[in-house]
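Hydrogens, waters and symmetry mates are skipped; everything else that's a heavy atom, side chains included, is used. What you see is a predicted model, and the numbers here were worked out from it, not measured in a lab. Note on naming: letters A, B, ... go to the chains in the order of the sequence lines (proteins, then strands), and numbering restarts at 1 for each one.
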2 protein chains.
Amino acid sequence: MGRTTLKDIAEKAGVSVTAVSRALSGYPDIGEETRGRILRIAEELNYQPNIAARTLVTHKSGVMGLFVLGRAKGEGFSHPFSGQVINGFLDELTEDGYDMMVFKANRPPDSENSSYLDLCRRRMVEGAFLMGLRTDDPWLSDLTASAIPIVTMDMPLAGDMTFSVGCDSVSAVHAAIRHLADLGHKRIGIVNGYKEASISLERFEGYKSALTSLGLPFDPTIVAEADFTAAGGRQAFLSLIDKAPDMTAVFVSSDLMALGVLEGARERGLSVPEDLSVVGFDNIEMAAMSSPPLTTLDQPRYELGQTAARMLISACSGITPPSRVLLKANLIVRGSTAKPNKIKTGEVIEKAH
Amino acid sequence: MGRTTLKDIAEKAGVSVTAVSRALSGYPDIGEETRGRILRIAEELNYQPNIAARTLVTHKSGVMGLFVLGRAKGEGFSHPFSGQVINGFLDELTEDGYDMMVFKANRPPDSENSSYLDLCRRRMVEGAFLMGLRTDDPWLSDLTASAIPIVTMDMPLAGDMTFSVGCDSVSAVHAAIRHLADLGHKRIGIVNGYKEASISLERFEGYKSALTSLGLPFDPTIVAEADFTAAGGRQAFLSLIDKAPDMTAVFVSSDLMALGVLEGARERGLSVPEDLSVVGFDNIEMAAMSSPPLTTLDQPRYELGQTAARMLISACSGITPPSRVLLKANLIVRGSTAKPNKIKTGEVIEKAH
DNA sequence: CTGTTAGCGCCTTCAA
DNA sequence: TTGAAGGCGCTAACAG
């Protein structure tokens with residue numbers, strides 16, 4: 001298994017190990033000629049540094065951690081949202097010479113399992129990116145209280161070394177509601193996520209303030225809450241439409257839930273967008289493929305991941321990034337929104353009773 | 001920053017570092033009483049071993065690598081298939097005390113970037129799991145030729161230490177075709193993946209042999225090939241149905257492509273399943289949410305990931321696993337398949353001309 | 001500019 | 001049953 005080490009190169013080059021180390025690390029204090037020779041030999045021997053050894057002395061592992069919280073049914077990795085974020089995160093890390101280690105989150109906090117923080121410390125992880133929504137994970141505080149830089153996704157948390165990325169929900173929702181209002185909708189409901197996610201609160205704020213600024217009344221009867229799943233979205237929509245059959249449009253806090261809303265609408269014999277306009281949030285791949293394709297707010301997922309990586313890298317090199325970075329979500333108009341069709345809506349109301 | 005080390009524990013317990021090391025590693029050659037005391041102190045100090053140091057001497061990092069190949073548009077991480085596989089893989093690894101490092105694959109093979117193998121060696125990765133489909137990645141041979149155990153997904157490759165997991169395509173496709181035949185279909189087309197993926201070849205074999213064993217003729221005009229994307233599936237289906245409007249059913253090699261087929265069918269005014277039956281492959285989340293919900297072959301994705309992990313762990317401990325492990329894909333009958341409707345089909349044929 | 005020395009934290013002989 | 005010594009491969013002082 002004889003890997004080539006600095007020593008091998010040193011012997012072959014007739015210099016000391018230190019010299020080789022310096023040449024390879026790009027230090028200036030080494031003769032041009034010697035450095036050239038060393039580099040050539042290193043290349044020749046396909047030298048790969050033993051990072052474990054380096055880590056041992058420098059206390060820097062070059063590893064960033066990724067915790068994907070809430071990995072149950074359709075969450076976490078399996079969530080259509082995560083993929084591109086992780087791609088962006090990984091690409092940016094790789095660009096800067098970091099590697100990414102993914103840890104299993106949401107393990108039961110018993111003595112068998114180590115806390116998130118312990119996992120980081122064992123591996124000397126330099127910083128960690130947390131994806132997930134619930135701020136009530138009991139293992140979070142450990143991490144955010146530590147000196148390890150943390151970036152969270154859509155989940156601003158307290159902590160000196162804790163930062164977060166996300167999209168500006170308020171202005172995004174404004175754009176969505178304005179779009180609906182421009183089309184002529186007056187009765188616009190909302191299917192929001194659960195309250196344990198801060199994005200839900202923000203999106204609700206955006207919804208309310210948008211209505212206000214557009215001169216539309218706010219009506220709590222057309223506000224529903226679901227669990228960010230399609231099934232939950234469907235359910236929430238059904239209860240909404242049954243209570244308020246005159247609702248002509250609905251803003252949904254995630255595309256997955258919006259797909260559930262589409263399903264619910266079908267069940268009630270409502271055709272989208274003729275009888276009901278639907279706007280989602282996220283622009284997951286599926287959103288373009290549903291029938292009708294979903295009007296939604298595009299989150300720049302890849303860029304969100306990149307941004308998280310950059311913040312982490314920056315924090316690790318001592319440059320404190322802003323505690324929260326918000327990107328812009330853009331409205332993508334597709335086939336699920338249109339002018340309200342009063343007549344059809346009337347028919348449907350009767351059918352529904 | 002002062003992490004607790006073996007030395008700290010040793011001092012506090014009044015023993016040597018060696019003794020502590022042994023106690024913590026569960027060696028038997030240490031006094032019951034001493035061990036107890038040591039363990040207690042370790043607990044008290046929340047001792048976390050420095051894995052870098054351990055790796056340096058044992059040459060075992062406790063890290064498995066994950067390479068997600070083909071990360072372009074909708075592939076890799078972003079693919080709805082990957083998530084659960086990775087979950088299973090990670091869970092099983094964690095169970096055995098391994099951690100997972102994810103590497104960026106498909107980087108251009110220039111001097112800037114290290115080969116997959118080099119990445120593994122730097123980090124002393126003990127084994128690697130490769131997800132992806134194209135057997136023509138130029139960086140693969142390096143890895144499969146090395147002594148590092150490799151498990152690939154759906155991509156059997158040569159190599160002493162190279163293994164693979166996947167589903168038994170042939171018998172799965174048989175089940176699908178039999179289902180269609182049982183419903184009364186006689187003219188069953190196929191939208192397959194590209195030939196660079198070995199699953200495409202296997203599924204094609206399954207398709208042909210199923211037809212034969214059911215006494216149905218094989219007709220090359222209703223065979224099409226696409227790139228595993230929805231857009232590609234749509235395109236392939238359109239060319240198929242235009243050439244052979246009497247086709248009443250189609251087997252599609254992936255759900256993503258099948259969703260594209262559904263879209264294509266809509267465009268041609270064919271309603272599914274009345275005019276056309278569609279069977280997919282994978283049972284991704286979306287498959288249950290399309291309209292109509294897709295009849296498909298369920299791949300046990302989580303178990304595939306678990307299996308990969310177990311094979312890797314086993315290979316790392318010197319127990320050579322079987323070079324290929326096939327799990328069973330199960331037919332899930334949903335709304336996209338039904339008896340062929342001759343009359344409607346007739347109408348459509350005329351419309352199409 | 002280059003080499004010598006020392007040590008990171010841990011495991012593994014070898015003695016006691 | 002326990003301890004002492006040595007070294008994994010690398011970097012970081014400190015000398016020359």
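- Between M101(B) and M100(A) the shortest side-chain heavy-atom distance does not fall below 4.5 Å.
- For T18(A) against dT4(C), a side-chain-to-base donor-acceptor contact under 3.5 Å is present.
- A sub-4.0 Å separation between OP1 or OP2 of dC1(C) and a side-chain N or O of T34(A) is absent.
- For the salt bridge (Lys or Arg N to Asp or Glu O under 4.0 Å) test, no residue two or more places apart in sequence or in another chain qualifies with R40(A).
- Screening residues 153-165 of chain B for salt bridge (Lys or Arg N to Asp or Glu O under 4.0 Å) gives no qualifying pairs among residues at least two apart or on separate chains.
- Atom CZ in R122(B) sits roughly 22 Å away from atom P in dC8(D) (whole-Å rounding).
- Checking the phosphate oxygens (OP1, OP2) of dC1(C), no side-chain nitrogen or oxygen of Y27(A) falls inside 4.0 Å.
- Just one of F163(A), F89(A), Y98(A) meets the ring-ring contact (aromatic ring centres under 6.0 Å, His included) condition when paired with F129(A); it is F89(A).
- Rounded to an integer number of Å, the gap from CZ of R123(B) to P of dG9(D) is 17 Å.
- Listed by first and then second residue, the salt bridge (Lys or Arg N to Asp or Glu O under 4.0 Å) pairs that reach into residues 302-315 of chain A are E92(A)-R310(A), sequence neighbours excluded.
- Under the salt bridge (Lys or Arg N to Asp or Glu O under 4.0 Å) criterion, E126(A) pairs with K60(A), not counting sequence neighbours.
- Of the two residues near DNA chain D, S21(A) and E33(B), the one whose nearest nucleotide lies more 5' is E33(B).
- In this structure, D29(A) places its CG atom 14 Å from P of dT11(D), rounding to the nearest Å.
- Ring-plane geometry between F103(B) and F67(B) is classed as parallel, the angle between the planes falling under 30 degrees on a 0 to 90 degree scale with a further cut at 60.
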Give me the distances for all protein-to-nucleotides 7-9 of chain C N/O pairs that come in under 3.5 Å?
from	atom 1	to	atom 2	distance (Å)
dG9(C)	N2	A53(B)	O	3.4

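- As judged by a 4.0 angstrom heavy-atom cut-off over every strand, V17(B) is placed among residues making no nucleic acid contact.
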Extract from the structure each pairing of a protein N or O with an N or O of nucleotides 14-16 of chain C at less than 3.5 Å, listing the distance.
none

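- E95(A) CD: 12 or fewer foreign heavy atoms inside a 6.0 Å radius.
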